Amino acid sequence: MAEALSDQALMARAIRLAERGLYTTEPNPRVGCVLVRDGRIVGEGWHVRAGEGHAEVNALRQAGELARGATAYVTLEPCSHFGKTPPCADALVAAGVSRVVAAMQDPNPQVAGRGLQRLREAGVEVQCGLLEAEAGQLNPGFIKRMQQGLPWVRLKLAMSLDGRTAMASGESQWITGPQARADVQRLRARSGAIISGADSVLLDDSALTVRAAELGLAPELAAQVAQRQPLRVLVDGRLRVPLDRRLFHEPGPVLVVCADAMGREAEYQRPQLELLALPGQNARVDLPGLLAELARRGCNEVLVESGAALAGAFWQAGLVDELVVYMAPRLLGSNARPLLQLPFDAMAQAGDLQIIDLRALGRDWRITAHPSRAQAD
């Protein structure tokens, strides 16, 4: 029992290490690794960013010769294929690691058990499944992209206590306080793409960028995080948003998605700007097709920051995996705008949610919820 508890504590340490890559590993998963020999930690590592060493390699580098005969605790099955870096399973074998404890099998079909099998064939003792649920929470988008070909969709909304998002005029800055807005910046930073709609950009002139000064992180880390700007996606079915808006003049790539390019492709031929036509029903953008396209581009997590119409469209299409709602202690009144446009007529249409987290952010509250199983199905 003592050894099992020790294993659990060490895997928990590996999970905390993996969290350090929360904002920087896209499109790769967040992974941590701890090497232990004779009851002592001899090496630790995490995956910092795509194209650089994986968690196991970083931990092995720190351990050096002390890795021989050690146990490796890793939050995700060591890879077995050549990508931008050599296979981690081979690196563990070459270093002489005697035992590997993995939290979960890699959902990537290129790996999917092959890394663990390679270790077993080399005589390494292998265990898999310790703190699997906790490890899975590190990478909801990577897991979904590998299994379904779609990113994890997080819908962010801000509202008053009476469920309103803006005055009837559209005035909305600011419903929430600085702590809540810093939290939104961190949601942006962990995302591969940020989706907004034409109405929101026309009304607010949103830049949708990650801003270092507003992240609420240590200055050095904030500056590093802000260097990677997520892909900003504008859903503009009829190309109503003029190209002089802030969105098009801030650093980072922008993808404008329309239902019909209407022969205007030349207008969008600018550096870091792309126009994509994805026609759906009723002359609207094909939202499932958009998410599939973002997954093909390596986006694990997508943040939707939009007005009530587009937010409601994502919800009604069954495309939302997670709702993050910031609630401010103020009343905007019955004339103000609603949270989502959901033209329900009967209680049977109501969207049920499972609240998984509720916490205070300064004077505001953040509610994190998932669609109920019935709603998701």
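Throughout, numbering of the chain's residues begins at 1 and tracks the sequence. Bear in mind that the values here come from a model prediction, so they are computed numbers and not experimental data.
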_Going by ring-ring contact (aromatic ring centres under 6.0 Å, His included), name the pairs with one or both residues in residues 277-305, residues two or more places apart or in two chains._
none
*asked:* By the ring-ring contact (aromatic ring centres under 6.0 Å, His included) test, which pairs, at least two apart or in different chains, include something from residues 276-304?
replied: none
Hey, any chance [X] and [Y] share a hydrophobic cluster, counting ILVMFWY side chains that come within less than 4.5 Å of each other, even indirectly?
X: Val34; Y: Leu66; value: no
X: Val254; Y: Leu208; value: yes
X: Tyr268; Y: Leu278; value: no
X: Phe314; Y: Tyr326; value: no
X: Val74; Y: Leu116; value: yes

Residue pair [X] / [Y]: nearest heavy atoms and the distance that separates them:
X: Leu60; Y: Ala95; result: CD2-CB, 3.6 Å
X: Ala261; Y: Leu275; result: CB-CD2, 3.9 Å
X: Ala277; Y: Ala259; result: CB-O, 4.5 Å
X: Ser306; Y: Ser196; result: CA-OG, 4.1 Å

Flag the pair [X] and [Y] as a salt bridge only when some basic side-chain nitrogen lies within less than 4.0 angstrom of an acidic carboxylate oxygen.
X: Asp162; Y: Arg330; answer: no
X: Arg188; Y: Glu305; answer: yes
X: Glu301; Y: Arg30; answer: yes

*Quickly, which of Val304, Leu287, Val302 forms a side-chain contact (heavy atoms from CB on, under 4.5 Å) with Leu319? Name it, please.*
Leu287
*Yes or no on side chain to side chain contact (heavy atoms under 4.5 Å, CB included) for Leu290 and Ile195, after CA distance, side-chain angles and deciding distance?*
CA-CA 10 Å; Leu290 170 58; Ile195 300 177; 4.2 Å; yes
Heavy-atom side-chain contact between [X] and [Y] under 4.5 Å:
X: Leu239; Y: Met262; answer: yes
X: Pro230; Y: Arg190; answer: no
X: Leu323; Y: Ile367; answer: no
X: Leu247; Y: Leu234; answer: yes
X: Glu26; Y: Cys299; answer: yes
X: Leu276; Y: Glu293; answer: yes
X: Leu119; Y: Ser80; answer: no
X: Tyr23; Y: Leu217; answer: yes

What distance separates [X] [atom1] from [Y] [atom2], expressed to the nearest 0.5 Å?
X: Arg40; Y: Leu35; atom1: CZ; atom2: CG; value: 11.5 Å
X: Trp46; Y: Asn58; atom1: CH2; atom2: CG; value: 8.0 Å
X: Leu17; Y: Cys33; atom1: CG; atom2: SG; value: 8.5 Å
X: Leu130; Y: Met11; atom1: CG; atom2: CE; value: 5.0 Å
X: Leu131; Y: Thr75; atom1: CG; atom2: OG1; value: 10.5 Å
X: Trp152; Y: Glu322; atom1: CH2; atom2: CD; value: 6.0 Å

Is atom [atom1] of [X] surrounded by more than 12 heavy atoms (other residues, nucleotides or ligands) closer than 6.0 Å?
X: Gln281; atom1: CD; result: no
X: Arg297; atom1: CZ; result: yes
X: Ile355; atom1: CD1; result: no

Heavy-atom donor-acceptor pair, [X] side chain to [Y] backbone, under 3.5 Å:
X: Glu77; Y: Arg114; result: yes
X: Arg118; Y: Pro87; result: no
X: Gln185; Y: Arg211; result: yes
X: Ser160; Y: Ala328; result: no
X: Asp106; Y: Ala112; result: no
X: Arg37; Y: Ala67; result: no
X: Asp321; Y: Arg154; result: no
X: Ser200; Y: Gly307; result: yes
X: Asp286; Y: Gly289; result: yes
X: His47; Y: Gly21; result: no

*Verify side chain to side chain contact (heavy atoms under 4.5 Å, CB included) between Glu250 and Arg232, making sure each step is shown before the conclusion.*
CA-CA 10 Å; Glu250 296 287 339; Arg232 287 167 293 154; 3.6 Å; yes
*Kindly determine whether Leu243 and Arg270 satisfy side chain to side chain contact (heavy atoms under 4.5 Å, CB included), including the steps that lead there.*
CA-CA 10 Å; Leu243 294 178; Arg270 299 183 180 184; 3.7 Å; yes
*Could I get the full list of side-chain contact (heavy atoms from CB on, under 4.5 Å) partners for Ile356, not counting sequence neighbours?*
Gln354, Thr368, His370
*What residues, two or more places apart in sequence or in another chain, satisfy side-chain contact (heavy atoms from CB on, under 4.5 Å) together with Thr71?*
Tyr73, Arg99, Val101
*Could you pull out all residues at least two apart from Arg366 that satisfy side-chain hydrogen bond (donor to acceptor under 3.5 Å, both in side chains)?*
Asp183, Asp357
*Who are the side-chain hydrogen bond (donor to acceptor under 3.5 Å, both in side chains) partners of Arg13, not counting sequence neighbours?*
Glu44
_Flag for Gln117-Glu121: side-chain donor and acceptor within less than 3.5 Å_ = yes
*Run the salt bridge (Lys or Arg N to Asp or Glu O under 4.0 Å) check on Arg16 and Glu19 step by step: do they pass?*
CA-CA 5 Å; Arg16 289 194 297 272; Glu19 289 171 347; over 6 Å; no
*Can you list the steps and then say if Leu92 with Val124 is a side chain to side chain contact (heavy atoms under 4.5 Å, CB included)?*
CA-CA 9 Å; Leu92 291 166; Val124 177; over 6 Å; no
